[in-house]
Enquirer: 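The structure under discussion is supplied below as structure tokens; questions concerning it will follow.
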Amino acid sequence: RNKVQATLNNQDDDYRKRTQAEMQRRFVDLQFKRSELEKQLKRVNEVLFSLGREMEVHFAYDRLYK
């Protein structure tokens, strides 16, 4: 009976360790994806800001010379 209990405990420990390892792997993967998305968002914001400035210059030019 003790051997059966020990086997069950080992299986439970193994399951817990595998579950924790999978959760850790997913956590790290999501952190990496978040970092990549933040970089992309920063670039999009930079382009939008630049485009906004170009539009302001263009509209100011139109008002002055038309």
Side-chain angles (χ1 to χ4, degrees):
R1 185 174 188 169
N2 286 342
K3 286 184 179 180
V4 171
Q5 191 62 41
T7 300
L8 290 175
N9 286 340
N10 285 340
Q11 287 176 347
D12 192 42
D13 286 346
D14 289 346
Y15 173 77
R16 243 182 282 130
K17 286 176 184 171
R18 283 195 312 273
T19 301
Q20 286 179 331
E22 177 63 14
M23 287 172 63
Q24 181 69 22
R25 184 195 66 76
R26 289 169 60 190
F27 184 80
V28 169
D29 186 49
L30 286 171
Q31 282 182 317
F32 175 77
K33 287 178 181 174
R34 179 181 65 186
S35 174
E36 292 301 303
L37 287 170
E38 286 172 346
K39 289 178 193 171
Q40 290 178 18
L41 180 59
K42 182 176 183 237
R43 184 70 186 122
V44 166
N45 283 333
E46 290 168 353
V47 171
L48 281 171
F49 180 77
S50 176
L51 180 59
R53 290 183 64 170
E54 284 183 39
M55 289 169 56
E56 286 176 14
V57 168
H58 178 76
F59 294 149
Y61 176 85
D62 278 356
R63 281 193 297 269
L64 286 174
Y65 296 103
K66 287 189 176 179

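Since the structure is predicted, the reported quantities are computational estimates derived from the model, not experimental observations.
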Enquirer: For D29, which residues count as a side chain to side chain donor-acceptor pair (under 3.5 Å) partner, sequence neighbours excluded?
Expert: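 In terms of side chain to side chain donor-acceptor pair (under 3.5 Å), with neighbours along the sequence ignored, D29 is linked to K33.
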
Enquirer: Are any non-hydrogen side-chain atoms of Q40 and R43 less than 4.5 angstrom apart?
Expert: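 Not touching, per the 4.5 Å side-chain cut-off.
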
Enquirer: State, with a plain yes or no, whether a side-chain heavy atom of D14 is found less than 4.5 Å away from one of R18.
Expert: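 They are in side-chain contact.
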
Enquirer: Is T7 reaching over with its side chain to a backbone N or O of K3, donor-acceptor style, under 3.5 angstrom?
Expert: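 Between the backbone of K3 and the side chain of T7 there is a qualifying donor-acceptor contact (under 3.5 Å).
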
Enquirer: Flag the pair F59 / M55 as yes when at least one side-chain heavy-atom distance between them is below 4.5 Å, and no otherwise.
Expert: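 F59 reaches M55 side chain to side chain.
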
Enquirer: Among all residues two or more places apart in sequence or in another chain, which pass the salt bridge (charged side-chain N to carboxylate O under 4.0 Å, His left out) test with E38?
Expert: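 Per chain and number, E38 pairs via salt bridge (charged side-chain N to carboxylate O under 4.0 Å, His left out) with no residue.
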
Enquirer: Supply the atom-to-atom distance L48 CG to L41 CG, rounded to the nearest 0.5 angstrom.
Expert: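 The distance works out to 9.5 Å.
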
Enquirer: Check whether S35 reaches the backbone of Q31 with its side chain - one donor and one acceptor, N or O, closer than 3.5 Å.
Expert: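 Looks like no, no N/O pair under 3.5 Å.
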
Enquirer: Are L64 and Y61 linked, directly or through intermediate hydrophobic residues, by side-chain heavy-atom contacts shorter than 4.5 Å (ILVMFWY only)?
Expert: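 Yes, Y61 connects to L64 through the hydrophobic network.
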
Enquirer: Assess whether a salt bridge exists between D12 and R16, defined as any Lys/Arg side-chain N lying under 4.0 Å from an Asp/Glu carboxylate O.
Expert: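 Salt bridge present between D12 and R16.
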
Enquirer: How many angstroms lie between atom CD of E56 and atom CG of L51, to the nearest 0.5 angstrom?
Expert: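 It is 10.5 Å, given to the nearest 0.5 Å.
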
Enquirer: Residues in salt bridge (charged side-chain N to carboxylate O under 4.0 Å, His left out) with K17, at least two apart?
Expert: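 Per chain and number, K17 pairs via salt bridge (charged side-chain N to carboxylate O under 4.0 Å, His left out) with no residue.
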
